[in-house]
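Here is the structure we will look at, set down as structure tokens.
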Amino acid sequence: MKVLFIGDIVGKPGRAGLERAMPELRERHAPDLVVANGENAAGGLGITQKTAKEIYAAGVDVITTGNHVYRHRDAYEFLDREERIVRPANYMTGNPGRGSTVVEAAGRRVGVINLSGTVELRAARSPFPEAETLLDRLARDADVFIVDFHAETTSEKIAMGWHLDGRVAAVLGTHTHVPTADARVLPKGTATICDVGMTGSRDSVLGVRWEEALEGFRTQLPVRFTTAEGNIWINAVLVDVRDDGLADSIEQILLPAPD
Ligand SMILES: [Fe+2]
Ligand SMILES: [Fe+2]
């Protein structure tokens, strides 16, 4: 089974670029399941029902999120209702949305789990025991597990890979928007990468117009950030999952979106 995981989709340019790139990605990689991080989908920060629907329409099966998930209050009801979108499981119990979901793909039950790191990010509980609790709870509901670990530091992300090695098909890092060059399958069969990257403008600073981001650093004055539009790239990984639910391979995909 092939799982295509797409890094943080940033704003309308990211959504439109993904839509244009999906036919080629499908033809080239024939994924059985497509998961995408959508925490920056709506105007660069957060997600709404409208932007989520656009992402589903582009061919994404499950949307994961992260620290910007609660940016738009009017999406809370949607997060509660829609089963194919997840937010970090280790956020406050009772907050809108769910931390995991199970979907069918290629005749398998795939559990998609979202967790947040706690270094430089706020979460209610440590993601490490949270992951174990979730895997215990979902053991009878799913055959394959994919984890989006939304975290800031490479150390915390690598540690999570080792923590879950042999128990999940993949621990895929998101949040920093920059793809790392460490994609590999750990000894017990878990595919990892510190960061998948983003789907958005490469002529930017993490999806923000570079002139504005630079102005902020240069002047140390407040600057209004807007989403950059030029040179859209898709940052993704393709994980090949074996019959035993662990990974055979992980391949990085860095693809300019067609115009
Ligand atoms: Fe992000
Ligand atoms: Fe984030």
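Please read these numbers as outputs of a predicted model, since none were measured by experiment. Remember, it's 1-based here, ligands and their atoms both numbered in the order they're listed. These numbers come from the heavy atoms of this one structure, side chains and all, not from hydrogens, waters or symmetry mates.
Judged by the 6.0 Å and 45° rule, Arg87 forms no cation-pi pair with Tyr70.
With hydrogens and angles left out, the side-chain atoms of Asn235 and Trp233 include no donor and acceptor closer than 3.5 Å. There is no side-chain donor-acceptor pair under 3.5 Å between Asn90 and Ser116.
No option in Arg26, Arg28, Arg20 other than Arg28 meets the salt bridge (Lys or Arg N to Asp or Glu O under 4.0 Å) test with Glu24. The one candidate from Asn40, Asn67, Asp8 that meets the side chain to side chain donor-acceptor pair (under 3.5 Å) condition with His175 is Asn67.
The environment of CD in Glu120 is sparse: at most 12 heavy-atom neighbours from other residues, nucleotides or ligands sit within 6.0 Å.
Taking a cut-off of 2.8 Å, the protein N, O or S atoms nearer than that to the Fe ion (ligand 1) are Asp8 OD2, Glu39 OE2, Asn40 OD1, His177 NE2.
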